[in-house]
Amino acid sequence: MSFQVERGEFVSIVGPSGCGKTTLLMCIAGLNPPSAGGVVVNNVQVDGPPPNLVLVFQEFNKSLFAWRSVLGNVLFGLEVRAKLSQDAEEEARKLIKLVGLEGFERHYPWELSGGMQQRVAIARALAYGPEILLMDEPFGSVDALTRLELEDGLLRIWQNLGTTILLVTHDIEEAIYLSDRIYVLSRRPSKIIQTIEVDLARPRNQITTRAQVKFMELRNEIYKQISQ
Amino acid sequence: MKPFARINLPGVLSLLALLLVWEISARSSKVIHLYFPAISEVVRSLVDLIQSRELVGHLLASLGRFFIGYLLSAGIAVTLGILLGYFRRAYTFSEVLIEFLRPMPSVAMIPVAILLLGIGNSMIVAVTVYACTWPILINTIDGVKNIEPTLIDTGRTFGLGRWKILKRIVLPAAFPYIVTGLRVSLAIALILVTTSEMVVGGNGLGFFILDEERSLKTTNMYAGIVLVAILGYGLNRLFLLVESKAMAWHRGATARG
């Protein structure tokens, strides 16, 4: 399989469970060496976690630092960039506000719901200031309403910060709603069976965008491909 | 955990009841009194022994050995545990050795220590360090080894190297395990200091207890035992106090919030 993501794009990969989506992201993030082939980020061959790239894990609850508060977790993203200064805390607070967690700065991860924890993980990743954000089923374990909220939040952030986002999901509608382009993966042995350009107008809206005929056509097409 | 926040009233009452039974039985039977002098007499002789400074020297000797041995073993075992837990190969090489030495009663090493170090302070400290090392070592290794792999990957995706991950992620994540080991070893240190003192003599609370028993000064012997009990209780309280401070610092220092 071979594919490309341009700077500033929002690209999704959809595929059935167990087709290796997570493994693919781990390879791109430089956390797992690929068994064959290679990954190139900013014209550099990946053989370790590339700078300017952060992966938001599917198991966000396991990736948060239990010994740090919400503010501490987000500050971590700034600390590792040695961007700790007077305004670091201010910047962290801004990001916490951006993901809608204002007022929870001093809470610890275990005091928050799943959806809130995931927002902490996203804010921490954004604090690192990555050019590229990889997201593994970021909204997989939050309730449906929170999910819609988080999708819109992510789109707002993406538009504000110009971050390149590659997202993996098994939710077809989520992929369509968020992305510029979608790569559809087959069951094992996985390969890209279709590339779909999503030319729905932005900014998107949970009601009007999802009600468009084109949205449903895309959904049906991808569904047909995946269930083959 | 707030060590001094609440008093377990039923627990205190049952302790007092036991002491009362002791007092009454000792006073009602000469035979019992021979083996169990009344607790009031024990307390009085404890006060006398402290006032006459006879016990103070022994107490200070034991405390010195305790703190040197305990702190040394904490430093050694935590450092070693982190390295063995973090570097798989180091653990593989040492696992069998650790599993072989660990279950052996540490007091069995007292003769070896006497052989190598004589009967001075260094021998008692060495045995204490040896015994205290195991619980701290094992718990630290466990804490580091059982760290959630996603946490390590989180550090890596944020661009941290191996040593920085160790310092900023592994260490704080393993902290609760390390504290558990330290707490277990607290009691062990007191056991080893007292036992070693009984074996090699000279001074210290262990020596005092055994010496008074041999001199048939049963009341003084009990006074020594009561003092050791108070010491163990006090040290445990002190540990809880330090632990709660350390936890607060741990959170504060790493989270700033």
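Residue numbers begin at 1 in each chain, while the letters A, B, ... track the order of the sequences.
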Visitor: Hey, could you give me the CZ/CZ distance between B:Arg168 and A:Phe76, rounded to the nearest 0.5 Å?
Guide: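 It is 6.0 Å, given to the nearest 0.5 Å.
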Visitor: Which members of residues 136-166 of chain B, sorted by number, sit under 4.5 angstrom from chain A on a heavy-atom basis?
Guide: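 Residues in range: B:Glu148, B:Thr150, B:Leu151, B:Asp153, B:Thr154, B:Arg156, B:Thr157, B:Phe158, B:Gly159, B:Leu160.
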Visitor: Spell out the residues in residues 152-160 of chain A that have some non-hydrogen atom less than 4.5 Å away from a non-hydrogen atom of chain B, in order of number; otherwise answer 'none'.
Guide: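 Result: none.
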Visitor: Given that the side chain runs from C-beta out, which part of A:Leu64 has a heavy atom under 4.5 Å from chain B: side chain, backbone, both or neither?
Guide: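 Backbone only.
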Visitor: How would you list, in number order, the residues of residues 21-46 of chain A that have a heavy atom less than 4.5 Å from chain B?
Guide: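 The residues closer than 4.5 Å to chain B, in numerical order, are A:Met26, A:Gly30, A:Leu31.
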Visitor: Which of residues 89-99 of chain B get closer than 4.5 angstrom to chain A, counting heavy atoms alone?
Guide: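 The stretch does not come within 4.5 Å of chain A.
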